[in-house]
Amino acid sequence: MIESSVRLPVSPRAGRFLVLAGVFVCAACGLVYELELVALAAYLIGDSVTQASVVLSVMVFAMGIGSLLAKRLRHHASAWFGLLESALALVGGCSAMVLYAAFAWSGGRGEMWAGGSRYLLVAFSLAIGVLIGAEVPLLMVLIQRIRRQDAGGAVADLFAADYVGALVGGLAFPFLLLPLFGQLTGALFTGSVNALAGAALVFGLFRQDLSVRARWVLLTVNVVVLSLLASAAVLVDDFERAARRAVYGRDVRVAVQTDVQEVVLTGGRRGSLDLFLDGRLRISGRDEQRYHRGLVAPAMCGPHARVLVLGGGDGLAAREVLRHPGVRRVDVVELDAGVVDLARHDPALSELNGHAYRDPRVRVVHADAFRWLRLARTRYDVVISDLPDPGITASTKLYSQEFYGLATRVLTDGGRLAVHAGPLSTRAHVFWTVEATLRAAGLRTVAYRVGGRQSGFAAGPDRTGEGDTAPRDWGFVLASRSRPVLLRAARSEVVRAGASAAELTRRPGLAPSTLVHPRYAN
């Protein structure tokens, strides 16, 4: 048993309370670092389930390693705890900026797994996990120096403070830090709090345990760490602008963080406009007409008085729908009100969508498409599914058997459902899984592709990273209760858009994707 100290500046009861308060703060900061890595990795790399699994599993493993390593540091627990908290503050606080920098400057435009982002994610998870894991053994020594108690009681007290702190940190991240500071500044702020808490605990309670040299070293390290974090916080806006230019090019016109995602518009003229959502290229004025006509035109060959557009907040699918005579009503269900606001008011984007939102036949509902369909009572002749790519974890439910079952409920007897199913040439497995899922929902399908010669844009939200000369195509599925046919008029529409359409041979043997068993991979 470690001998208790008799040189505390406060009573043992107050000292014990301060140690537990330090545990609380450090635990809150530690969980913020974990959530920050998960959130940023999902944004930069994609597939949030995979990123959360990588970060959490690696970090828990590293915490075990850190606990073992801390056994060698117990004899100078005060000094090592102070240094450990400074290191954790620096590594955790700067992790978001370093990951974003690696993504922006080491990767080719459009490559979500570019450069060292994936390896840096693992490295930061390991480093932060080791440092967090070393905290508890050292804190166990420090709390025993204040007042002797049995090991079980000390562990119970420490873990209680640790778990409550983790709860506060977990709630503070989405509800306080992200809205107020954003990801980069939020991580820097958390690092500063972490460093101050560690320094206050060591210098406030255990300064007598430190030699003069140890005090100066620890003070210098803390000053350097806090100075670095403060300097980074001052420069974070310039850094973010520079990184954004590295990712999107120098012609960024609009960059806003809505309640749902980051929205970036680059270029100004009709042919140069690009729209990025959470770092993924969504539309390009160079060839978006081929994509949107390929998605909409085949489904419009038949009754189309009432049309439902799921997603498509940019207004481009609605523009194509409104080209067809006989359309009386177009309902657009878009989760992100910020995208619709840009589509209404940005001069270049509103020109590109033909000012579709000025048309009195167009009605907009801001809601999650899945939830909205569960409550919908109106029936539609045509449903256009222009939604984020199924490889993004948050979107897999919008490509599930349950979702298509709900979409079928709002179709009229002869209604058609058109679905963007991803780039066929690069992600054939995903495309044919979408088609199999539609069939499992009781629909009959026709799969087709629209090809183009130009590049730089992958229809829908995925970014191929193939450069400006690689050929590409877009895969679609047309579905209804009775087998739909790609009519000659629909083919002509697609051909006039500068592409070709052809029915594809089904790829057999793929199981449908469901809510509890998603089968798409990023």
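Index from 1, following the sequence. Here the structure is a predicted model, which means the values were calculated and not measured.
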- prompt: Checking side chain to side chain contact (heavy atoms under 4.5 Å, CB included) for the pair Leu229/Cys94: CA distance, chi angles, key distance, verdict?
  reply: CA-CA 8 Å; Leu229 294 174; Cys94 295; 4.0 Å; yes
Distance, nearest 0.5 Å, that separates [atom1] of [X] from [atom2] of [Y]:
| X | Y | atom1 | atom2 | answer |
| --- | --- | --- | --- | --- |
| Leu295 | Met300 | CG | CE | 11.0 Å |
| Tyr100 | Trp105 | OH | CH2 | 8.0 Å |
| Ile384 | Leu310 | CD1 | CG | 9.0 Å |
| Asn353 | Glu320 | CG | CD | 11.0 Å |
| Glu36 | Leu31 | CD | CG | 11.5 Å |
| Gln261 | Asp336 | CD | CG | 4.5 Å |

To check you understand the geometry: which heavy-atom pair defines the closest contact between [X] and [Y], and what is its length?
| X | Y | answer |
| --- | --- | --- |
| Val247 | Phe103 | CG2-CE2, 3.8 Å |
| Phe239 | Met97 | CZ-O, 3.4 Å |
| Asp381 | Ala305 | OD2-N, 3.0 Å |
| Ser400 | Thr437 | C-CG2, 3.4 Å |
| Gly312 | Val309 | CA-CG1, 4.3 Å |
| Arg481 | Thr412 | NH1-O, 2.9 Å |

- prompt: Step by step, would you call Arg280 with Asp389 a salt bridge (charged side-chain N to carboxylate O under 4.0 Å, His left out)?
  reply: CA-CA 10 Å; Arg280 296 172 175 86; Asp389 189 77; over 6 Å; no
Side-chain donor/acceptor of [X] to backbone N/O of [Y], under 3.5 Å:
| X | Y | value |
| --- | --- | --- |
| Asp274 | Leu281 | no |
| Arg319 | His355 | no |
| His304 | Gly302 | yes |
| Arg323 | Ala297 | no |
| Glu402 | Leu515 | yes |
| Ser513 | Arg519 | yes |

Salt bridge between [X] and [Y], side-chain N to carboxylate O under 4.0 Å?
| X | Y | value |
| --- | --- | --- |
| Asp331 | Arg306 | no |
| Glu288 | Arg282 | no |
| Asp368 | Lys397 | yes |

- prompt: Cationic tip of Arg344 within the cone over Tyr357's six-membered ring, i.e. under 6.0 Å and within 45° of the normal?
  reply: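 Output yes; distance and angle both within limits.
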field: Flag if over 12 foreign heavy atoms under 6.0 Å of CZ, Arg358
entry: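 No.
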- request: Count the heavy atoms belonging to other residues, nucleotides or ligands that lie under 6.0 Å from CG of Asp259, then report whether that count exceeds 12.
  value: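 At most 12 heavy atoms, drawn from other residues, nucleotides or ligands, come within 6.0 Å of this atom.
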task: For salt bridge (charged side-chain N to carboxylate O under 4.0 Å, His left out), just list the numbers for Arg244 and Glu262, CA-CA rounded to whole Å, side-chain angles, deciding distance to a tenth of an Å, and then say yes or no.
output: CA-CA 11 Å; Arg244 188 179 292 121; Glu262 183 188 55; 3.8 Å; yes
Side chains of [X] and [Y], heavy atoms from C-beta outward: is any pair under 4.5 Å?
| X | Y | answer |
| --- | --- | --- |
| Ile128 | Ile132 | yes |
| Tyr380 | Arg329 | yes |
| Phe61 | Val58 | no |
| Leu322 | Val362 | yes |
| Val434 | Tyr404 | yes |
| Leu308 | Val382 | no |
| Phe476 | Val450 | yes |
| Leu349 | Leu273 | yes |

- prompt: Can Leu398 and Phe370 be said to form a side chain to side chain contact (heavy atoms under 4.5 Å, CB included), step by step?
  reply: CA-CA 7 Å; Leu398 305 179; Phe370 195 102; 4.0 Å; yes
Atom pairs and distances, side-chain donor-acceptor, residues 167-185, under 3.5 Å, sequence neighbours left out:
none

- prompt: Does the ring center of His420 lie less than 6.0 Å from the ring center of Tyr291?
  reply: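 Between Tyr291 and His420, which both carry aromatic rings, the centre distance is below 6.0 Å.
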task: Verify whether the ring centers belonging to Phe124 and Tyr119 lie closer than 6.0 Å.
output: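 No; Tyr119 has its ring centre 6.0 Å or more from that of Phe124.
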- prompt: Are Val91 and Tyr33 close enough, and set up right, to give a side chain to side chain contact (heavy atoms under 4.5 Å, CB included), and what steps lead you there?
  reply: CA-CA 9 Å; Val91 174; Tyr33 299 143; over 6 Å; no
query: Can you list the steps and then say if Arg253 with Asp251 is a salt bridge (charged side-chain N to carboxylate O under 4.0 Å, His left out)?
result: CA-CA 6 Å; Arg253 289 194 302 106; Asp251 54 348; over 6 Å; no
message: Distance alone, cut at 3.5 Å: any donor-acceptor contact between the side chains of Gln401 and Thr514?
response: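 Not at all, the side chains of Gln401 and Thr514 share no donor-acceptor pair under 3.5 Å.
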query: Taking Met59 as the fixed residue, which of Leu37, Val54, Leu126 is the one that meets the side chain to side chain contact (heavy atoms under 4.5 Å, CB included) rule?
result: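 The single option meeting the side chain to side chain contact (heavy atoms under 4.5 Å, CB included) with Met59 is Leu37.
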message: Checking Val327 against Arg361 for the side chain to side chain contact (heavy atoms under 4.5 Å, CB included) test, could you report, in this order, the C-alpha distance in whole Å, the side-chain angles of both residues, the deciding distance, and whether it holds?
response: CA-CA 8 Å; Val327 174; Arg361 293 172 292 176; 4.1 Å; yes
query: Can you name the side-chain hydrogen bond (donor to acceptor under 3.5 Å, both in side chains) partners of Tyr399, sequence neighbours left out?
result: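 Partners of Tyr399 under the side-chain hydrogen bond (donor to acceptor under 3.5 Å, both in side chains) test: none.
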